[in-house]
Structure formats: C-alpha cells, structure tokens
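Residue numbers begin at 1 in each chain, while the letters A, B, ... track the order of the sequences.
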Amino acid sequence: MKSEPDVFSIEDLRDRPNQTEPWDGVRNYQARNFMRDEMKIGDQILFYHSNTTPPGIAGIAEVASEPYPDPTAFDKKSKYHDPKSDPEKPRWILVEVKFKSILPNYVSLDEMKEMPELQEMRVLQRGNRLSITPVSAKEFKAILKAGGA
DNA sequence: GCCAACGTTGGC
DNA sequence: GCCAACGTTGGC
C-alpha cells in the first residue's frame, strides 16, 4: 500500500492510537476491489512511501478490519467527499491497517529494481499508479530480507 | 517543477 | 460506444 509520507507515513501509523488507521480516501476501483475482495484480517502489508526521496518500502503493517464503507465519501467537509457515493449503496470501501514494524533498512525503489525476486512486482512495472497492489509471498520475503527484518 | 502514464468524464 | 479533454499520480 502506497502513501505519501508527507501526508501519512509509517511513523504516523506507529503513533496512532491502537497503531491502527482506516485506509480512507482510495478513489480507484481496482484499489478498492483489492481491499473489498482480496484482503483478509491478518494479511501482511508492505508500506510504501511514494512521492518522496527516495521512494521505497518503509515498514510492515497488517489488515486489521473487515472491509466497510469509507466514511469520508459521505463527509461534505472531507477532501475525499464523493457526492455519488450513496450511504445506502456505498461506492468506496476501506479496511483498517495496523502498524507492525519499521524496517531496520529502508528498501528503496532503486534497490528493489535490482532484486531478481521482484522483477514481476506490480509497483515496479512502468506507469503503474495503483496505490494498492497484490504482493506474492516470494516478493514479501525478499523485501523482509533486504529490509533486515 | 516537469511530464509520461493513466483513469475518468462527458459530448456526440 | 468512442474519444478528446482533463485531472491525478508519482518518478525523476
């Protein structure tokens, strides 16, 4: 899961009450579908810092709730407000994520590109802008190892 | 700050 | 249903 650290970083997640945060504001159907259909409580998450120097994997989190409607879609004051999301038939769905750890070694995007295990990884593919993508067990382990965890 | 890539919108 | 226009993402 990608996040811009200026907006919400792995440190912000660590410092949250219960170290848990609803992953709100996702407004892309594919990313929503991953949260709604694929994620299960306890699934491990690579926390990726985007739009920063350098971008890369900063830490580990895990899925901490069932999927439920994103309340910011109904909040007129939220920058994520979506008038087309009807509370009776919510368009946007989120899960909560819980802090697990900050990697001892930050794994930069440049390093990831050099790792043979990660050549198929979605975030490395050209032009990929999806903020949530599936990660294979092989990829996950390779990141953990490179990250010193 | 630039800009390529991509998703969404809306006129037709 | 097509596609031009537009807005956003995110590496650089």
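- A heavy-atom distance below 4.0 Å to DNA chain C is reached by none of the residues of residues 21-30 of chain A.
- No path of Ile, Leu, Val, Met, Phe, Trp and Tyr side chains, each step under 4.5 Å between heavy atoms, connects A:F47 with A:F140, placing them in separate hydrophobic clusters.
- In the region residues 109-120 of chain A, proximity to DNA chain C at under 4.0 angstrom, judged on heavy atoms, holds for A:L109, A:K113.
- Atom pair A:R122:CZ and C:dG10:C1' shows a separation of 16 Å (rounding to whole Å applied).
- To the nearest angstrom, P of C:dC12 lies 13 Å from CG of A:N128.
- By the criterion of side-chain heavy atoms lying less than 4.5 angstrom apart, applied directly or through intervening Ile, Leu, Val, Met, Phe, Trp or Tyr residues, A:L118 is grouped together with A:V123 in one hydrophobic cluster.
- A:T72 and A:D70 form a side-chain donor-acceptor contact under 3.5 Å, judged by distance and modelled atom types alone.
- Using a 30° and 60° split on the angle between ring planes, A:W23 and A:F8 fall in the perpendicular class, above 60°.
- Under the side chain to side chain donor-acceptor pair (under 3.5 Å) criterion, the residue pairs touching residues 48-58 of chain A are A:E4-A:N51, with sequence neighbours excluded.
- Residues that satisfy the side-chain contact (heavy atoms from CB on, under 4.5 Å) test with A:Q125, not counting sequence neighbours, are absent from this structure.
- A donor-acceptor contact closer than 3.5 angstrom is absent between the side chains of A:E111 and A:Y106.
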Counting primed atoms, P, OP1 and OP2 as sugar-phosphate and everything else as base, the B/S/- map of nucleotides 2-8 of chain C against protein heavy atoms under 4.0 Å is -----BB
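- A:E117 approaches A:K138 most closely through the heavy-atom pair O-CE, 3.7 Å.
- A:K2 has no side-chain polar atom (N or O) that falls below the 4.0 Å cut-off from OP1 or OP2 of C:dT9.
- Evaluation of the salt bridge (Lys or Arg N to Asp or Glu O under 4.0 Å) rule for A:R122 yields no partner, not counting sequence neighbours.
- Nearest-nucleotide positions on DNA chain B place A:N51 closer to the 5' end than the other of A:N51 and A:R91.
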